[in-house]
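Whatever order the structure lists them in is the order used to number ligands and atoms, beginning at 1.
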Amino acid sequence: MPIPAYDLTGRTALVTGAASGIGRATALLLAEAGAAVHCADRDERGLAETAALIAKAGGSATAHPLDVTDRTAIRAAVRAAGPLDIAAAIAGVMHTSTVLETTDEDLDRILDINFKGVLRTCQEAARAMIAAGRPGAIVTMASGAVDAAQPGLLCYSAAKAAVVQLTKTLATETGPYGIRVNAVAPGWIRTPMTGRHSPEVREQTEAAMVRMSPLRRVGEPEDIAQAVLYLASDASSFMTGQILRPNGGVSMPW
Ligand SMILES: NC(=O)c1ccc[n+]([C@@H]2O[C@H](COP(=O)([O-])OP(=O)(O)OC[C@H]3O[C@@H](n4cnc5c(N)ncnc54)[C@H](O)[C@@H]3O)[C@@H](O)[C@H]2O)c1
């Protein structure tokens, strides 16, 4: 028998980054749990594939091609979704450059997508939830990169650290409306994003992660989707302002 707290029947969810990797796995799982899922991404082809996968599995999906740097487009998608119960702000990009090589343009681009894209999504979703007088759950995508310093990851990890601070701050402001805001900070997950690293970097990093993890494996997108489902559902009804770290145990902060 399904566990009622995880049942999303009758709920509406917006998932950004839904065309690929973690966002796609999340969109599929939220739909499987019963939500009507509004999938948003700038990759129209991937988006159509995700929507088709959800429909094939018997779920409800609507595709919204958009760029998270475009506030008007996000607002339109939130409006089109109707009363919103769940928003998962997952869209993001990788960037590597050393601190000394980083340009103003690099920093502006990565902050615009990885931080301000999440901020815009959270703002539009929270405003709609408050206006509709509905409690809701917002889930942001941070990264294990916020717990460690690595060469080349300044722009990426600074944007993700800002996402953590956004998550905690928004949680303090929307809690009185019954809106919970939590972040997921995954470890290394096998997705097209990590697949774009060179084979050497990929092999070395995966080997290091397997060595460091008590579970002796790297993560799959479905591992992270399960964490998002938990935070999006009533199963996490007393969780807000928290950072959940599905990372195979590679970091165990106090
Ligand atoms: N894969 C990992 O190891 C890992 C670890 C920690 C955090 N994350 C985070 O998880 C999220 C998903 O990553 P993934 O590994 O699934 O990557 P991915 O590349 O497979 O998917 C990212 C998706 O975001 C979309 N996207 C990127 N920029 C966008 C924009 N401006 N507007 C709209 N859509 C945009 C892409 O089109 C893509 O569909 C990202 O925020 C990433 O930083 C990933």
In Å and rounded to the nearest 0.5 Å, what is the [atom1] to [atom2] distance from [X] to [Y]?
| X | Y | atom1 | atom2 | answer |
| --- | --- | --- | --- | --- |
| Glu44 | Leu66 | CD | CG | 10.0 Å |
| Leu153 | Thr98 | CG | OG1 | 11.5 Å |
| Ile22 | Arg190 | CD1 | CZ | 13.5 Å |
| Asn182 | Leu170 | CG | CG | 10.5 Å |
| Ser233 | Met239 | OG | CE | 10.5 Å |

Which residue and atom name correspond to the protein heavy atom nearest [atom], and how close is it?
| atom | value |
| --- | --- |
| atom 14 (P) of ligand 1 | Thr191 OG1, 3.5 Å |
| atom 8 (N) of ligand 1 | Tyr156 OH, 3.5 Å |
| atom 5 (C) of ligand 1 | Gly187 O, 3.2 Å |
| atom 9 (C) of ligand 1 | Met141 CG, 3.6 Å |
| atom 7 (C) of ligand 1 | Ala142 O, 3.3 Å |
| atom 40 (C) of ligand 1 | Ile90 O, 3.2 Å |
| atom 17 (O) of ligand 1 | Met193 CB, 3.2 Å |
| atom 22 (C) of ligand 1 | Gly92 O, 3.6 Å |

Verdict with reasoning, Asn114 to Val163, per side-chain contact (heavy atoms from CB on, under 4.5 Å):
CA-CA 8 Å; Asn114 287 5; Val163 166; 5.8 Å; no

Taking 4.0 angstrom as the limit and counting only heavy atoms of [X], give me the atoms of ligand 1 inside it, by number and element.
| X | answer |
| --- | --- |
| Ser20 | 18 (P), 20 (O), 21 (O), 38 (C), 39 (O) |
| Arg196 | 19 (O) |
| Ile113 | 28 (N), 31 (N) |
| Trp188 | 3 (O) |
| Thr194 | 1 (N), 2 (C), 3 (O) |
| Leu66 | 32 (N), 33 (C) |
| Gly21 | 16 (O), 20 (O) |

Where the closest heavy atom to [atom] is concerned, which of [options] has it?
| atom | options | value |
| --- | --- | --- |
| atom 38 (C) of ligand 1 | Thr50, Asp41, Asp43, Ile22 | Asp41 |
| atom 29 (C) of ligand 1 | Met94, Arg42, Arg45, Lys116 | Arg42 |
| atom 6 (C) of ligand 1 | Pro221, Pro186, Ala159, Pro192 | Pro186 |

Which one of Leu14, Leu8, Thr12 satisfies the side chain to side chain contact (heavy atoms under 4.5 Å, CB included) criterion with Ile86?
Leu8

Counting heavy atoms only, which part of [X] comes closer than 4.0 Å to ligand 1: side chain, backbone, both or neither?
| X | value |
| --- | --- |
| Asp67 | both |
| Ala145 | neither |
| Val68 | both |
| Arg24 | neither |
| Ile224 | neither |

Give yes if a backbone or side-chain nitrogen or oxygen of [X] is under 3.5 Å from a nitrogen or oxygen of ligand 1, and no if not.
| X | value |
| --- | --- |
| Ser143 | no |
| Lys160 | yes |
| Val93 | no |

Exercise: do [X] and [Y] side chains pair donor with acceptor under 3.5 Å:
| X | Y | value |
| --- | --- | --- |
| Ser236 | Arg180 | yes |
| Asp234 | Ser237 | no |
| Thr167 | Thr140 | yes |

Any idea how Tyr230 and Tyr6 line up, ring-wise: parallel (<30°), tilted (30 to 60°), or perpendicular (>60°)?
tilted

Electrostatic pair Arg42-Asp70, nearest N-O below 4.0 angstrom:
no

Do Asp85 and Arg134 have side chains that get closer than 4.5 Å, going by heavy atoms?
yes

side-chain contact (heavy atoms from CB on, under 4.5 Å) for Met141 and Val228? Distances and angles first, verdict last.
CA-CA 9 Å; Met141 198 52 56; Val228 179; 3.9 Å; yes

In Asp112, Thr69, Thr72, the residue satisfying side chain to side chain donor-acceptor pair (under 3.5 Å) with Arg120 is Asp112

